[in-house]
Amino acid sequence: MRVLCVAEKPSIAKSVAHTLSGGNVTQVRNSNNKYIKNYDFKFNFGNDIGLSEVTMTSVTGHLSSTDFAAQYAWAKCTPSRLFDAPTIEKIDDNEKKIADNIAKEARYANYLMIWTDCDREGEYIGYEIVKAARTSNSNITLENTLRAQFSHLERTHIVRAAKNPIRLDQNAIAAVATRMELDLRTGASFTRFLTNLYQSKCDKDFGVISYGGCQFPTLGFIVDRYKRVKNFISEPFWYIDLDLRKDGQKVTFRWLRPHIFDRLTAVLFYERSFLEANDRGIITKIESKPTKNWRPLPLTTVELQKNCSKYLRMSAKQVLDCAEKLYNQGYVSYPRTETDSFPKAMDLKDLISKQTQNSQWGTYASDLINNDKFKQPRSGNHDDKAHPPIHPIMHSDGSNLSANEKKIYEYIVRHFLACCSDDGKGSSTTVTLKWGIELFQASGLVVLEKNYLDIYPYYKWESSKQLPKFEPNEPIKITKVELASGETSPPTHMTEAELIALMDANGIGTDATIADHIEKIVARSYVNLQTAPGRGTTKYFVPTVLGMALVDGFNQIGLDNISLSKPFLRKNLELKLKGIVEGSCSRNQVLHEMLDMYRQAFALSNQKQDILVTAYRDSNNLY
DNA sequence: GCAAGGTC
């Protein structure tokens with residue numbers, strides 16, 4: 001038998017070929033694409049297929065995209081036509097070459113076996129591969145194509161996947177086709193409409209003003225926060241400020257209420273206690289307990305981007321680009337993953353041993369494996385069924401990496417070593433003091449074992465003021481007790497780390513695209529990245545006049561059940577796509593439902609376009 | 001000149 005195996009990316013093809021061949025790949029042939037290789041070897045699939053001549057190759061993601069035919073190009077038709085204009089499959093030169101390689105290799109194959117990632121998009125890419133293979137071999141159909149099910153590259157797992165193939169999931173394919181069509185129709189129609197409108201009515205020099213189901217909610221998060229900061233009214237509050245000296249140390253106790261927004265009430269509490277106790281307090285409770293600082297969970301893409309944005313001051317896009325380069329050079333594992341638990345069978349100690357030669361963290365790494373300090377990492381609840389958590393593969397001393405790549409590599413290694421270490425351990429003490437009728441508390445922390453914190457300098461967990469020794473029922477002479485006031489402070493503008501967290505929590509974009517959406521709304525001049533006075537070098541996103549106008553304008557139009565700048569629409573679409581995958585609703589049903597909604601929104605926007613224009617002029621005056 | 005999703 002001859003079997004053609006096709007993976008989603010070259011690295012998987014290489015790895016799976018080496019595994020299945022047992023290290024005996026007989027030939028590695030170049031394809032017409034410089035990244036893609038064709039590997040020949042023998043493998044016994046067992047069952048009906050048996051010992052076979054295998055060729056393993058790959059694509060590089062999708063083989064095509066959806067577009068409109070030439071007669072529906074920009075300015076060739078009115079934007080509203082795009083809701084029902086026919087779509088075509090667009091294949092660019094590079095995609096054509098890759099498809100040609102598949103066709104050539106599939107010509108004499110008895111079986112086609114798909115090794116794309118086991119997620120929704122992976123199923124669709126499998127379908128695109130089947131189409132490419134069919135052009136040269138009509139025996140290959142969607143129904144008889146085999147699908148390998150795998151979630152990581154450990155040997156026995158891959159062999160089992162090869163011997164127990166299933167079929168491509170046609171529901172998943174339909175769900176992706178639905179998403180593609182909806183994104184194209186809604187994105188293109190509103191983008192052309194908005195661009196035409198703003199260029200003709202506001203400023204002819206405007207560039208493209210795009211709408212996208214992910215871009216707009218991303219913008220919406222930033223505008224929301226901006227308004228909350230802008231409209232914030234600070235409120236005064238009162239609290240009892242209490243200090244005492246013990247063993248020559250000043251200790252400040254926090255009032256347990258802990259602050260009161262009504263001055264008279266605060267005065268009452270203060271005076272009643274003062275009359276009763278004057279400067280005398282009593283210790284009512286001392287509680288000491290062991291406390292832990294948990295080591296981080298195995299690293300996902302979203303965490304990598306959030307943490308590196310926060311700790312290393314790099315943009316999400318830069319972080320992902322660096323991780324991508326490190327991955328392509330074999331230093332780290334695949335950087336786009338949602339999985340936060342390591343497969344049980346994975347040899348983590350072997351990965352740690354590769355780091356022992358490093359001049360900065362080598363000693364820590366060898367200590368982990370040689371002195372029995374290794375801990376099996378914690379397991380989170382996320383599993384994309386496609387990739388393990390991000391981890392280092394090969395060691396690098398950093399000399400052949402760019403400055404930013406070096407930082408990201410170091411972060412990934414340190415995070416990984418931290419995952420495989422013990423939690424930080426300490427002891428916390430809470431002392432409760434009664435003054436008159438009121439209760440106050442002071443707490444202290446002693447870090448006993450830093451453990452993972454020794455290798456993870458990004459996060460600080462330090463012994464805070466260690467409390468002096470107190471006794472239960474100990475009478476205390478209070479040094480200072482007075483009624484103090486303060487005022488509530490506004491929230492800060494949106495950091496990139498917060499934005500990523502919001503997008504992730506609301507299902508806006510994927511691990512691979514979150515950074516792109518953020519970059520897109522910057523490129524479109526909807527938002528800017530700025531420092532805030534008095535807040536150091538941390539950068540915050542704030543909307544531009546245009547960004548504000550787009551959100552305000554669409555809100556003022558009063559679209560009924562559709563809020564373009566809120567995340568619900570996308571979340572809802574995700575749910576419906578899941579419904580298609582699970583078979584509880586059909587592609588056509590979802591497509592019609594969503595398109596009808598957008599068509600109405602478009603009609604209303606078109607009818608009330610003056611509101612959108614006015615919103616921009618108002619926004620110019622307001623912000 | 002448009003989207004979002006893969007990946008190089």
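So that the names make sense, note that chain A is the first sequence line, chain B the second, and so on, each numbered from 1. No hydrogens, no waters, no symmetry mates; every other heavy atom, side chains included, goes into these values.
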Closest approach to the side chain of [X], judged atom by atom: which nucleotide of [options] is it?
{"X": "N94(A)", "options": "dC8(B), dC2(B), dA3(B)", "value": "dC8(B)"}
{"X": "I125(A)", "options": "dA4(B), dG6(B), dC8(B)", "value": "dG6(B)"}
{"X": "L184(A)", "options": "dA3(B), dC2(B), dC8(B)", "value": "dA3(B)"}
{"X": "D67(A)", "options": "dC2(B), dG5(B), dC8(B)", "value": "dC2(B)"}
{"X": "Q215(A)", "options": "dC8(B), dA3(B), dG6(B)", "value": "dA3(B)"}

For [N], take OP1 and OP2 only and decide whether either is under 4.0 Å from a side-chain N or O of [X].
{"X": "T510(A)", "N": "dG6(B)", "value": "yes"}
{"X": "S210(A)", "N": "dA3(B)", "value": "yes"}
{"X": "T513(A)", "N": "dG5(B)", "value": "yes"}
{"X": "R570(A)", "N": "dG5(B)", "value": "yes"}
{"X": "H517(A)", "N": "dG5(B)", "value": "yes"}
{"X": "R336(A)", "N": "dT7(B)", "value": "yes"}
{"X": "R524(A)", "N": "dA3(B)", "value": "yes"}
{"X": "Y327(A)", "N": "dT7(B)", "value": "no"}

Please report the distance, rounded to the nearest Å, between [atom1] in [X] and [atom2] in [N].
{"X": "H62(A)", "N": "dA4(B)", "atom1": "NE2", "atom2": "C1'", "value": "9 Å"}
{"X": "D384(A)", "N": "dG6(B)", "atom1": "CG", "atom2": "C1'", "value": "14 Å"}
{"X": "L182(A)", "N": "dG5(B)", "atom1": "CG", "atom2": "P", "value": "12 Å"}
{"X": "L577(A)", "N": "dA4(B)", "atom1": "CG", "atom2": "C1'", "value": "12 Å"}
{"X": "K76(A)", "N": "dG1(B)", "atom1": "NZ", "atom2": "C1'", "value": "13 Å"}
{"X": "D516(A)", "N": "dA4(B)", "atom1": "CG", "atom2": "C1'", "value": "9 Å"}
{"X": "E519(A)", "N": "dA3(B)", "atom1": "CD", "atom2": "C1'", "value": "15 Å"}
{"X": "M180(A)", "N": "dG6(B)", "atom1": "CE", "atom2": "P", "value": "12 Å"}

Base, sugar-phosphate or nothing for [X]? Non-hydrogen atoms, less than 4.0 Å.
{"X": "S64(A)", "answer": "base"}
{"X": "P79(A)", "answer": "nothing"}
{"X": "R120(A)", "answer": "nothing"}
{"X": "Y334(A)", "answer": "sugar-phosphate"}
{"X": "Q199(A)", "answer": "base"}
{"X": "Y211(A)", "answer": "sugar-phosphate"}
{"X": "T186(A)", "answer": "nothing"}
{"X": "G509(A)", "answer": "sugar-phosphate"}

So, E496(A) side chain and A316(A) main chain: donor-acceptor pair closer than 3.5 Å or not? yes
So, the side chain of H157(A) versus the backbone of L153(A): is there a donor-acceptor pair under 3.5 Å, distance only?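 No, the answer is negative, given that no donor and acceptor are paired below the 3.5 Å cut-off.
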Is there a side-chain contact between S315(A) and Q318(A), using heavy atoms and a 4.5 Å cut-off? yes
Quick one: does T339(A)'s side chain get under 4.5 Å of P298(A)'s, heavy atoms only? no
Select from N196(A) and E8(A) the residue whose nearest nucleotide in DNA chain B is closer to the 5' end of that strand. N196(A)
Which sits closer to the 5' end of DNA chain B, F206(A) or D511(A), going by the nucleotide each is nearest to? F206(A)
To the closest 0.5 Å, what do you measure between CG (L82(A)) and SG (C77(A))?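 Answer rounded to 0.5 Å: 4.5 Å.
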Has K354(A) got more than 12 heavy atoms of other residues, nucleotides or ligands less than 6.0 Å from its NZ?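 Yes, NZ of K354(A) has more than 12 neighbouring heavy atoms, counting only those of other groups under 6.0 Å.
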Hey, is the side chain of N33(A) pairing donor to acceptor with the base of dC8(B) inside 3.5 Å? no
Cut-off 3.5 Å, side chains only: do T141(A) and N144(A) have a donor facing an acceptor?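 Judged by distance alone, the side chains do pair up.
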